[in-house]
Amino acid sequence: MKQLLAALAIVGAIGPVACRYAAPDGSEADAKAFLSEVNATMLRLSNEGNQAGWVQNTYITPDTEAMAARASAAFMTAVTDFAKRAAQYDEVEVGAGERRQLTVLKNALTMAAPTDPEEAAELAQLVASMEGLYGRGKYCQDGESDEACLDIEEITEILAKDRNPARLRDVWEGWHSIAPPMKQRYARFVELSNKGARELGFADTGAMWRSKYDMTPEAFSQELDRLWGQLRPLYLSLHTYVRAKLRERYADEVPADGPIPAHLLGNIWAQDWSNLYDMARPAGGARNVSLTDVLRARNIGPNEMTRYGERFFTSLGFEPLPPTFWERSLFVKPRDREVVCHASAWNINNVDDLRFKMCIDQTAEDFTTIHHELGHNFYTRAYAGQPAVFRDSANDGFHEAIGDTIALSVTPEYLVAVGLIDKAPDASGDIGLLLRTALERLAFLPFGLVVDAWRWQVFSGQVTPDNYNRAWWELRERYQGIRPAQARGEEFFDPGAKYHIPANTPYARYFLSAVLQFQFHRALAQAAGCTTPLHRCSIYGDAEAGKRLKATLEMGASRPWPDALEALTGQREMDATAMADYYAPLKAWLDEQNKGRPVGW
Ligand SMILES: [Zn+2]
């Protein structure tokens with residue numbers, strides 16, 4: 001996760017602002033003056049937001065929360081204002097650099113408030129109230145007292161661990177009961193946010209979201225379907241295998257050849273199946289090196305673990321982290337105060353005040369996460385030479401993908417190279433390792449498409465409130481191959497049971513990131529001359545891979561993303577075959593297990 005206010009994507013709908021300013025006079029000088037105001041203001045407000053956010057994250061009190069919320073609102077108000085004003089320069093002749101800044105700005109909003117002040121206020125209120133419904137959401141069985149209600153953490157835990165199908169179905173349906181009160185609000189939210197988007201010249205809010213990818217909204221939708229087509233055979237192999245394993249456990253609760261019941265996949269949204277690993281693991285089990293044991297045996301603490309991560313980047317040719325990183329970061333959970341432990345990476349002054357916030361445990365998982373988070377840190381420092389508007393990743397899939405690309409290089413071979421283990425294990429445990437990550441990353445992909453595929457149809461009017469739920473489940477069946485235990489009519493609003501819908505956070509970026517990280521990894525592994533299977537390749541210590549990575553990171557958002565992709569991979573198109581390559585050994589194994597089983601649904 002990246003924690004950065006400079007990310008333009010963090011935007012709300014605040015007030016009618018465009019009308020407070022005189023229309024631009026149409027000169028290039030006017031556009032330049034506007035952009036220098038934008039860059040200076042955004043940098044200032046972002047830095048203030050980072051300072052307040054950092055304190056709030058590392059010292060949670062009602063006061064720090066209030067201060068952080070205030071700083072964040074100030075930033076969001078400014079970006080909303082700037083995005084609307086940027087749209088007024090569409091016809092003004094400006095240089096290529098300025099045009100790019102205006103375009104990035106104009107596409108920065110995830111929600112555009114209508115100019116009418118009452119409608120703008122209503123829209124802001126609707127989103128706040130839907131977020132509130134989600135945040136307070138609990139499943140209270142009839143007649144139970146309030147303390148017996150289950151919150152999302154408890155329901156998540158039950159779905160992860162419980163194997164009683166009736167209980168799983170009960171809590172799955174229970175969580176989905178939080179959403180129906182959102183339905184009318186969501187329909188009104190769609191109307192109002194579309195109105196705002198149209199005022200900015202977009203066809204609807206969904207088209208506005210898809211306009212930030214340097215191609216037309218239609219081309220972007222097709223692009224996602226093309227990428228999915230490259231991965232669908234791999235997904236089908238996994239789906240078939242998991243369905244068979246679930247049938248061994250749940251018998252006829254699971255059809256032999258139909259969609260899998262959604263409540264049995266170990267996760268509220270069936271977007272991550274890794275909780276099924278114990279049920280699905282290869283016989284004999286994987287013999288993995290226990291990095292956790294090594295870290296504990298050698299007593300390698302949080303700071304030293306982070307030093308390994310830093311050395312990964314310096315081995316690629318990046319400058320070491322600044323001394324302030326070590327002085328100001330939070331590496332361990334403090335004993336005396338509340339902090340947000342969820343790992344995040346910061347660049348407080350948007351230049352070189354890099355920080356890291358993580359409650360590090362001596363585990364292999366945290367060792368990998370450190371590498372991921374540092375990917376964000378090094379990215380933000382690499383693009384610090386750009387104007388503030390461009391201090392962001394090439395498209396919104398890139399930031400997470402870079403972190404994950406680095407994490408993909410944390411291989412046994414890398415652990416040998418840095419002296420943490422003596423000898424890399426043989427290939428006998430590889431299928432288990434690949435299956436474990438596939439249950440998380442590959443199983444996620446179709447869900448990563450469904451969330452926005454549904455919203456694009458809703459925003460465009462193709463799906464109306466009397467079809468919300470039907471359209472949702474049609475997409476989930478088509479892409480994910482899952483279905484609810486019992487038909488879910490329009491009295492439900494199942495999309496609302498996923499945070500990003502009430503919170504209005506676009507979702508396609510997670511799909512892009514999942515695809516891009518493997519494309520990055522394959523290209524860098526090739527640059528590094530790696531000849532082993534991709535899951536055993538590490539780019540550690542390779543100058544050529546480092547050079548490519550650096551060139552891409554330094555661009556920030558200053559160029560259309562295909563340029564950034566080309567600098568790293570030599571390709572201008574996204575390519576999901578890299579992920580298929582990475583999992584090719586697993587696919588061969590799955591297909592062997594699946595012999596004689598019906599595939600698909
Ligand atoms: Zn991240």
Side-chain angles (χ1 to χ4, degrees), residues 12-13 109-116 118-137 139 172-200 202-210 217-218 221 259 262 268-271 446-480 482-508:
L109 298 180
T110 51
M111 182 164 80
T115 308
D116 180 295
E118 275 182 30
E119 289 179 336
E122 186 186 354
L123 180 62
Q125 208 273 324
L126 282 167
V127 174
S129 80
M130 288 190 294
E131 270 200 89
L133 281 173
Y134 188 95
R136 292 189 305 274
Y139 167 40
W172 186 96
E173 288 176 351
W175 176 251
H176 285 77
S177 72
I178 69 158
M182 298 172 195
K183 182 174 169 175
Q184 289 316 315
R185 295 177 221 209
Y186 196 80
R188 178 68 177 150
F189 151 80
V190 169
E191 266 173 42
L192 292 174
S193 75
N194 274 344
K195 193 167 177 194
R198 284 187 200 114
E199 287 178 15
L200 286 179
F202 298 101
D204 58 66
T205 300
M208 183 170 87
W209 292 0
R210 284 173 289 157
E218 299 72 34
S221 308
I268 297 179
W269 307 281
Q271 69 175 71
F447 185 73
L449 287 178
V450 163
V451 177
D452 279 356
W454 181 80
R455 280 191 288 200
W456 297 339
Q457 292 180 358
V458 166
F459 285 126
S460 77
Q462 188 188 331
V463 167
T464 51
D466 47 348
N467 286 314
Y468 275 173
N469 225 37
R470 195 181 75 195
W472 175 252
W473 283 107
E474 275 173 10
L475 286 165
R476 298 199 77 190
E477 179 162 336
R478 186 194 323 157
Y479 285 100
Q480 289 184 278
I482 65 167
R483 64 162 170 77
Q486 192 181 350
R488 311 268 302 167
E490 299 304 326
E491 68 276 30
F492 299 110
F493 180 57
D494 294 327
K498 175 69 189 171
Y499 170 77
H500 300 70
I501 303 279
N504 192 41
T505 309
Y507 209 73

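Just so it is clear, the values below take in all heavy atoms, side chains as well, and ignore hydrogens, waters and symmetry mates.
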Fill in: Plane angle bin for His176 and Trp172 - parallel if under 30°, tilted between 30 and 60°, otherwise perpendicular
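Trp172 vs His176 ring planes: parallel.
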Discussion item. Classify the ring geometry of Phe493 against Tyr186: parallel below 30°, tilted from 30° to 60°, perpendicular beyond 60°.
Written reply: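 Judged by the thresholds at 30° and 60°, the geometry between Phe493 and Tyr186 is tilted.
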Practice prompt. Compute the centroid of each ring, for Trp209 and then for Phe202, and state whether the two points are separated by less than 6.0 Å.
Written response: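 So the answer is no for these two rings.
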Discussion item. Determine whether the aromatic ring centres of residues Phe492 and Trp175 are separated by less than 6.0 angstrom.
Written reply: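 Ring-ring flag for Trp175/Phe492: false, centres at least 6.0 Å apart.
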Worksheet item: If you measure from the Lys or Arg side-chain nitrogens to the Asp or Glu carboxylate oxygens, is any gap between Glu199 and Lys195 under 4.0 Å?
Response: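 No, this pair does not count.
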Practice prompt. Starting from the C-alpha separation in whole Å, work towards a yes-or-no answer on side-chain contact (heavy atoms from CB on, under 4.5 Å) for Val190 and Tyr468.
Written response: CA-CA 12 Å; Val190 169; Tyr468 275 173; 4.0 Å; yes
Could you grab the distance from atom [atom1] of [X] to atom [atom2] of [Y], nearest 0.5 Å is fine?
X: Leu123; Y: Asp116; atom1: CG; atom2: CG; result: 11.5 Å
X: Tyr507; Y: Lys498; atom1: OH; atom2: NZ; result: 3.5 Å
X: Met130; Y: Ile501; atom1: CE; atom2: CD1; result: 9.5 Å
X: Leu449; Y: Trp456; atom1: CG; atom2: CH2; result: 7.5 Å
X: Asp494; Y: Lys183; atom1: CG; atom2: NZ; result: 10.5 Å
X: Trp454; Y: Glu474; atom1: CH2; atom2: CD; result: 13.0 Å

Show the nearest heavy-atom pair for residues [X] and [Y], with the distance to one decimal.
X: Ala112; Y: Ala197; value: CB-N, 3.8 Å
X: Pro114; Y: Glu119; value: CB-OE1, 3.7 Å
X: Ala262; Y: Ala270; value: O-CB, 4.2 Å
X: Ala207; Y: Pro217; value: O-CG, 3.8 Å
X: Tyr139; Y: Ser177; value: CD1-OG, 4.5 Å
X: Met111; Y: Ser193; value: CG-CB, 4.1 Å

Would you confirm whether [X], through its side chain, and [Y], through its main-chain N or O, come within 3.5 Å as a donor-acceptor pair?
X: Gln457; Y: Ala471; answer: no
X: Glu490; Y: Arg470; answer: yes
X: Asn469; Y: Arg488; answer: yes
X: Arg455; Y: Asn504; answer: no
X: Arg188; Y: Gln184; answer: no

Worksheet entry | Heavy atoms from other residues, nucleotides or ligands near CD of Glu118 exceed 12 (cutoff 6.0 Å) |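 No, because the 6.0 Å sphere around CD of Glu118 holds 12 heavy atoms or fewer from other groups.
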Worksheet item: Does Ala503 have any side-chain contact (heavy atoms from CB on, under 4.5 Å) partners at least two apart in sequence or in another chain, and if so, which?
Response: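 Applying side-chain contact (heavy atoms from CB on, under 4.5 Å) to Ala503 gives Glu131, Tyr499, Thr505.
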Worksheet item: Does a side-chain heavy-atom distance below 4.5 Å link Leu133 with Arg185?
Response: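 Yes, side chains in contact.
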Worksheet item: What do the steps show when you test Asp204 against Asn194 for side-chain hydrogen bond (donor to acceptor under 3.5 Å, both in side chains), and what is the final call?
Response: CA-CA 5 Å; Asp204 58 66; Asn194 274 344; 5.7 Å; no
